[in-house]
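Values below: all heavy atoms of this structure, side chains included; hydrogens, waters and symmetry mates excluded. In what follows, every chain begins at residue 1, and chains take the letters A, B, ... in the order their sequences are listed.
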Amino acid sequence: MHDSVNGPDVRHMSPGTRILVAISGGVDSSVAALILKSEGFQVIGVTLKIWEAFPSKDAKAVADSLSIPHHMVDVTEPFQNEIVEYFVNEYRQGRTPNPCVLCNAKIKFRYLIALKAELGAEYVATGHYARVSFESSKGRFLLRKGRDATKDQSYVLHRLTQHDLSSILFPLGNLTKEQVRDAASGAGIPVADKSESQEICFLAGTDYRDFLSGYENQVIEPGPILDAAGCLIGKHKGLPFYTVGQRKGIGIPGSKRLYVTKIDASRNAIIVGEEADLLSDGLEAGDVNWIAYSTPPHRMRLGIKIRYNAKEVPGLVLPKSQDMAEVVFDTPQRAVTPGQSVVFYDNDIVVGGGIIV
RNA sequence: UGGGGCGUAGCCAAGCGGUAAGGCACGGGACUUUGGAUCCUGCAUGCGGAGGUUCGAAUCCUCCCGCCCCAG
C-alpha cells in the first residue's frame with residue numbers, strides 16, 4: 001500500500017519498480033522524487049532542458065542530494081517548434097495563448113513518456129498537484145484535482161490522453177503545499193524555501209512583450225482602438241500587447257474605466273468598452289480533449305473554469321463534435337478570452353477541456 | 001487691450017457657497033506554471049496669484065498673471 005502515491009494501479013507497484021521523475025529544481029518535483037524514493041521505488045531523475053539557460057543548477061543539486069541518477073534531456077528544438085511558435089502565432093492572431101497547457105501535453109509528458117521506455121521505467125511522475133485514478137466501470141483513467149484546492153493544477157493537465165495518464169503518477173496529489181514544504185525542509189532538500197515559480201518559464205523574468213518584439217518574423221503593428229460603436233478613440237501599440245479584460249495600458253482618459261473587450265486581428269484593431277461589456281453568456285471551445293469519455297454525452301451540467309486563476313462556475317457543456325463544444329454559463333462571465341483554455345469539471349474529475357475560440 | 005471663453009494632481013476632468021468625484025499614468029502589497037487578468041492599497045490641507053464678502057469659498061466680488069477664440 002502506498003497511500004501517498006497517487007496513480008493508476010498503485011497497489012500493484014512493487015518496491016523496486018523503476019519510476020522516472022521530472023526534476024525541475026523546484027520544491028514540488030523534489031518532494032515528488034523524495035516520496036517515491038522513500039517508498040522504496042527505484043527513482044530516476046530527469047530534467048528537460050526546454051530553453052537555453054534553463055533550468056538552473058538546482059535540478060542536478062536536488063538529484064544529488066537525493067542520491068538518485070539524473071539525466072538532462074535536451075528538448076529545446078521541439079519546444080521551439082511547437083510551443084514558442086504557437087505562442088508567437090497566437091498573439092499575432094489576436095489571441096492570448098497559455099503555453100503551459102500546450103507544453104505539458106506536447107513536450108513535458110510526451111518526452112517523459114518516450115524516455116520512460118528508453119530507460120526501462122514503468123511510470124513517469126511529476127510534482128503536479130493533481131491525481132489520476134482508474135475508473136473500472138468506464139475502463140478509463142481519470143484526471144482529478146489535487147486535494148489541496150488552492151494548489152490544484154489539473155487545469156494545465158487537461159490535454160493529457162488516456163495513454164499519457166496510464167503511466168503517470170502524481171505523488172503530491174493528496175498533499176498540501178504546506179506538507180510538501182515540510183517534507184522538503186525535513187529532508188534537507190536544498191530548494192525547500194524556494195518561492196513559487198511564476199511567469200512563463202522560458203521567459204524567465206523578461207517581459208513577454210519584449211520577447212515578442214524581438215522575435216524574428218513577428219509583426220507588431222500599431223493600429224486603431226475603437227469603441228463599441230466603431231469610433232476611433234485611440235491608437236494601440238500592437239495586438240500582442242493586449243488581452244481581453246485588460247484595462248491597463250490602454251491610456252485613454254475618461255469618466256469610466258475602459259477594458260479591452262475584443263481583439264479584431266482582421267482589422268488590426270482593439271475594441272474597448274466598459275466593464276459590463278466584458279460579460280458573456282457562454283463560449284465555444286475547440287481542440288477539446290475529453291478525458292472522462294471517449295464520446296461525451298450531448299449535454300452535461302459541469303463546473304467550468306475559463307482561465308487558470310479563475311473560480312469554477314456552473315454551466316452547461318454541449319459537445320458539438322468530437323473536439324468542439326458549446327458552453328453556456330448559468331450566469332454571465334467576465335472576460336472570456338480566445339486562446340485561453342476552458343476546462344470542464346464534474347466535482348474533482350476533469351471531464352475534458354479545450355481552447356476558447 | 002472691443003467682445004467671449006478658460007485656468008482644479010504629471011495628464012484628462014467633475015464640482016458652481018458647506019468643507020476637493022472619476023479616469024489616465026504612476027507606486028506598494030496579495031495571488032500565480034499563461035496573459036501589464038483578478039484582488040487589496042497609496043496618490044491635491046488644496047483648486048493660476050493677491051485681497052475681500054461669509055460661520056464657512058474651488059465655488060460670490062475686486063484687482064493682477066497666463067492661455068484660447070471672434071472681430072478689427
Side-chain angles (χ1 to χ4, degrees), chain A residues 22 24-29 32 48 50-51 54-55 79 83-84 86-105 107-109 126-130 146 148-159 170 172 177 194-213 225 233-261 263 270 272-275 278-279 305-311 313 333-343 353 355-356:
Chain A
S24 70
V27 183
D28 295 334
S29 59
L48 297 178
I50 60 168
W51 197 246
F54 186 93
F79 185 82
I83 307 304
V84 178
Y86 160 81
F87 179 72
V88 172
N89 273 321
E90 285 288 286
Y91 269 117
R92 182 180 294 159
Q93 292 171 56
R95 289 191 288 266
T96 306
N98 186 330
C100 295
V101 168
L102 200 66
C103 174
N104 279 322
I107 303 294
K108 204 170 282 180
F109 286 96
T126 68
H128 285 102
Y129 289 83
D148 184 343
T150 64
K151 292 301 300 178
D152 169 49
Q153 291 173 311
S154 60
Y155 177 91
V156 292
L157 300 172
H158 76 271
R159 306 201 68 77
F170 294 129
L172 309 186
K177 183 72 186 192
K194 210 168 167 182
S195 63
E196 298 291 311
S197 60
Q198 55 194 321
E199 298 179 330
I200 302 174
C201 64
F202 63 93
L203 296 185
T206 27
D207 193 305
Y208 87 97
R209 285 156 289 164
D210 291 341
F211 174 80
L212 288 173
S213 299
I225 295 179
I233 59 172
K235 191 174 156 187
H236 72 250
K237 294 182 287 187
L239 299 188
F241 296 128
Y242 305 85
T243 186
V244 172
Q246 178 173 331
R247 68 179 177 78
K248 299 199 119 198
I250 296 171
I252 298 173
S255 56
K256 288 178 182 169
R257 279 185 171 168
L258 292 176
Y259 296 81
V260 174
T261 55
I263 298 177
I270 298 287
V272 300
E274 294 172 18
E275 183 152 33
L278 289 172
L279 295 176
K305 193 161 165 167
I306 59 171
R307 64 190 67 221
Y308 185 75
N309 292 303
K311 229 190 308 178
V313 297
Q333 295 301 302
R334 200 197 112 96
V336 168
T337 308
Q340 293 286 290
S341 289
V342 55
V343 178
I355 294 183
I356 298 170

Pick base, sugar-phosphate or nothing for [X], based on heavy-atom distances below 4.0 Å to the nucleic acid.
X: A/Leu258; result: nothing
X: A/Thr337; result: base
X: A/Pro97; result: base

Could you check which nucleotide pairs with [N] in any of the strands shown, counting Watson-Crick or G-U wobble with both distances under 3.5 Å?
N: B/G18; result: B/C55
N: B/C24; result: B/G10
N: B/C43; result: none
N: B/C63; result: B/G49
N: B/A30; result: B/U38

Could you tell me how far [M] sits from [N] if I compare only their [atom1] atoms? Round to whole Å.
N: B/G28; M: B/U19; atom1: C1'; answer: 30 Å
N: B/C63; M: B/C69; atom1: C1'; answer: 24 Å
N: B/C12; M: B/C64; atom1: P; answer: 27 Å
N: B/C26; M: B/C67; atom1: C1'; answer: 28 Å
N: B/G22; M: B/U41; atom1: P; answer: 13 Å
N: B/U8; M: B/U32; atom1: C1'; answer: 40 Å
N: B/A9; M: B/A14; atom1: P; answer: 13 Å
N: B/A13; M: B/G4; atom1: C1'; answer: 23 Å

Please tell me if the side chains of [X] and [Y] come closer than 4.5 Å, counting only heavy atoms from C-beta onward.
X: A/Phe87; Y: A/Leu102; answer: no
X: A/Leu212; Y: A/Arg92; answer: no
X: A/Asn104; Y: A/Arg159; answer: no
X: A/Phe241; Y: A/Ile270; answer: no
X: A/Leu48; Y: A/Phe79; answer: no

Heavy-atom closest contact (A/Ile225 atom, A/Lys235 atom, distance) = CD1-O, 3.4 Å
request  = List the atom of A/Val244, the atom of A/Ile263, and the distance in Å for their closest heavy-atom pair.
outcome  = N-CD1, 4.4 Å
Polar-atom pairs under 3.5 Å, protein N or O versus N or O of nucleotides 36-44 of chain B: list them with distances, or write none.
{"residue": "B/G36", "atom": "N9", "partner": "A/Arg209", "partner atom": "NH1", "Å": "3.3"}
{"residue": "B/G36", "atom": "N7", "partner": "A/Arg209", "partner atom": "NH1", "Å": "3.1"}
{"residue": "B/G36", "atom": "N7", "partner": "A/Gln246", "partner atom": "NE2", "Å": "3.3"}
{"residue": "B/G36", "atom": "O6", "partner": "A/Arg209", "partner atom": "NH1", "Å": "3.2"}
{"residue": "B/G36", "atom": "O6", "partner": "A/Lys237", "partner atom": "NZ", "Å": "3.0"}
{"residue": "B/G36", "atom": "N1", "partner": "A/Arg209", "partner atom": "NH1", "Å": "2.7"}
{"residue": "B/G36", "atom": "N3", "partner": "A/Arg209", "partner atom": "NH1", "Å": "2.9"}
{"residue": "B/A37", "atom": "O3'", "partner": "A/Gly245", "partner atom": "O", "Å": "3.4"}
{"residue": "B/U38", "atom": "OP1", "partner": "A/Arg334", "partner atom": "NH2", "Å": "3.4"}

d([atom1], [X]; [atom2], [N]) in whole Å:
X: A/Leu102; N: B/G35; atom1: CG; atom2: P; result: 15 Å
X: A/Ile252; N: B/G22; atom1: CD1; atom2: C1'; result: 16 Å
X: A/Lys177; N: B/U32; atom1: NZ; atom2: P; result: 9 Å
X: A/Ile355; N: B/G35; atom1: CD1; atom2: P; result: 16 Å
X: A/Tyr91; N: B/G35; atom1: OH; atom2: P; result: 7 Å
X: A/Glu274; N: B/G22; atom1: CD; atom2: P; result: 16 Å
X: A/Lys108; N: B/U34; atom1: NZ; atom2: P; result: 11 Å
X: A/Lys305; N: B/U32; atom1: NZ; atom2: P; result: 11 Å

query = Could you give the distance from NZ (A/Lys305) to OG (A/Ser154), rounded to the nearest 0.5 Å?
reply = 6.5 Å
ask   = Should A/Glu275 and A/Lys256 count as an ion pair when the cut-off is N to O under 4.0 Å?
value = no
key: Given RNA chain B, 5'-ward residue of the pair A/Tyr308 and A/Lys256, judged by closest heavy atom   = A/Lys256
ask   = Which residue, A/Val343, A/Val156, A/Val101, forms the side-chain contact (heavy atoms from CB on, under 4.5 Å) with A/Tyr308?
value = A/Val156
task = Quick one, give me the B/S/- string for nucleotides 10-16 of chain B, reading 5' to 3', where B means a protein heavy atom under 4.0 Å from the base and S means that only happens at the primed atoms, P, OP1 or OP2.
result = -------
For A/Thr337, the option from A/Arg307, A/Arg95, A/Gln246 that meets side-chain hydrogen bond (donor to acceptor under 3.5 Å, both in side chains) = A/Arg307
